[in-house]
Amino acid sequence: MAKKRTPSFPKSLYPLLRADTVEAARALLGCVLWHETPQGVAAGRIVETEAYLLDDPACHASRGPTPRTAVMFGPPGRAYIYFIYGMYHCFNVVTRGKGTGEAVLIRALEPLEGLDLMAQRRKTENIRNFCNGPAKLVLALDIRKEQTGEDLRQGRLRLLAPGSYPGWNARKPPLIKVGPRIGISVAVDLPLRFYVADNPFVSKA
DNA sequence: CTTTCGATCCGT
DNA sequence: CGGATCGAAAGG
């Protein structure tokens, strides 16, 4: 009988989250976002990210800490989830050390586990529409705003190593493409969006 | 207190 | 391309 592997946070990721947000945005591609609720587990591979930097007017933390963005100024590896457009939420991974407000927005996942739950929550049978957008993946995994501040190395909401599920060859990593960020009105031209080339689950090619 | 507007999604 | 929908944050 095969030994069942417990999903685990990639040890090498934490120093990177603390050190450099752009490198973190690249390194997060391929990692798995995993959420366990009373209904079961839903998980997907991260295929699209965006970096939000301190000196960047599009970054929520760029004008100093507020009640909403306080967690961005805390330790790395925590969840920052915010409410947007009156009806949606977006999920970020906090980066850098205490006092520095930066984060990586997770924009798209390739669905891996809990496809039935995702279909229910997203009210569609089309797998491509489960997690191909920042608010869509929050709905598909049923992530709540109250989970802001949770440590993504352990607990119900986790970041897992790329090898945690089949379908990722660390020896032959896919091409990473770079482009401008989406949905912002300032600093539009900065090349801070990263995505896996030729992946059908990215929100925009 | 009032106003503005947004790191989006969906149907047309 | 416009409508839905509401809280955070900036301004008076």
Side-chain angles (χ1 to χ4, degrees), chain A residues 17 20-29 31 33 42 44 46-74 76 78-96 100-111 117-150 152 157 159 176-196 200-205:
Chain A
L17 293 180
D20 188 295
T21 299
V22 169
E23 285 310 303
R26 288 177 162 279
L28 282 167
L29 293 175
C31 293
L33 185 60
I46 296 170
V47 295
E48 184 177 356
T49 62
E50 281 179 359
Y52 283 87
L53 310 177
L54 235 207
D55 58 351
D56 163 7
C59 177
H60 289 170
S62 66
R63 280 158 297 189
T66 65
R68 179 178 61 152
T69 62
V71 68
M72 291 181 75
F73 292 84
R78 309 299 176 96
Y80 166 53
I81 300 143
Y82 66 90
F83 185 56
I84 190 66
Y85 293 125
M87 38 170 71
Y88 298 114
H89 297 275
C90 294
F91 169 84
N92 296 253
V93 177
V94 172
T95 57
R96 307 301 305 278
T100 304
E102 300 192 345
V104 174
L105 171 70
I106 307 303
R107 281 197 61 90
L109 304 177
E110 176 175 343
L117 284 176
M118 293 186 186
Q120 259 182 260
R121 293 162 175 169
R122 291 283 301 117
K123 305 186 196 310
T124 176
E125 296 298 318
N126 186 349
I127 295 181
R128 287 190 178 228
N129 280 335
F130 286 177
C131 302
N132 63 336
K136 294 180 183 181
L137 84 260
V138 165
L139 288 169
L141 300 201
D142 195 21
I143 295 169
R144 310 298 182 87
K145 182 181 54 180
E146 299 75 48
Q147 295 181 264
T148 286
E150 288 189 5
L152 299 171
L157 182 58
L159 243 22
I176 295 177
K177 291 220 177 192
V178 186
R181 293 175 296 183
I182 293 175
I184 56 176
S185 57
V186 290
V188 175
D189 294 335
L190 301 181
L192 294 176
R193 183 168 67 101
F194 305 92
Y195 56 100
V196 174
F201 299 97
V202 296
S203 73
K204 187 184 173 193

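Throughout, a chain's letter reflects where its sequence line sits, starting with A, and its residues are numbered from 1.
Taking side-chain N and O atoms only, A/Thr66 has a distance below 4.0 Å to OP1 or OP2 of C/dA9.
Sequence neighbours left out, the pairs with a member in residues 47-57 of chain A that pass salt bridge (charged side-chain N to carboxylate O under 4.0 Å, His left out) are A/Glu48-A/Arg107, A/Glu48-A/Arg193, A/Glu50-A/Arg107, A/Asp56-A/Arg181. Within the structure, salt bridge (charged side-chain N to carboxylate O under 4.0 Å, His left out) contacts touching residues 124-134 of chain A (residues at least two apart or in different chains) do not occur. Each side-chain hydrogen bond (donor to acceptor under 3.5 Å, both in side chains) pair with one or both residues in residues 84-93 of chain A, not counting sequence neighbours, would appear here, but there are none.
Among A/Arg121, A/Met118, A/Lys136, the single residue meeting the side-chain contact (heavy atoms from CB on, under 4.5 Å) criterion with A/Phe130 is A/Met118.
Taking atom P in both C/dT5 and B/dT2, one finds a spacing of 23 Å when rounded to whole Å.
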Report summary line: A correct 5'-to-3' footprint of nucleotides 4-12 of chain B, with B, S and - meaning base, sugar-phosphate only and no protein heavy atom under 4.0 Å, is --BBBBS--

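Remark: A/Thr49 pairs with no residue by the side-chain hydrogen bond (donor to acceptor under 3.5 Å, both in side chains) rule, at least two apart or across chains. Listed by chain and number, the residues in a side-chain hydrogen bond (donor to acceptor under 3.5 Å, both in side chains) with A/Ser62 amount to none (sequence neighbours excluded). A/Arg68 is linked by a side-chain hydrogen bond (donor to acceptor under 3.5 Å, both in side chains) to nothing, counting only residues two or more places apart in sequence or in another chain. By the side-chain hydrogen bond (donor to acceptor under 3.5 Å, both in side chains) test, A/Thr124 is found to be paired with no residue, residues two or more places apart in sequence or in another chain being considered.
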Query raised in the report: Where each pair must be Watson-Crick or G-U wobble with both distances under 3.5 Å, what dot-bracket representation of DNA chain B is obtained, with crossing pairs in [ ] and other-strand partners as |?
Result: ||||||.||||.

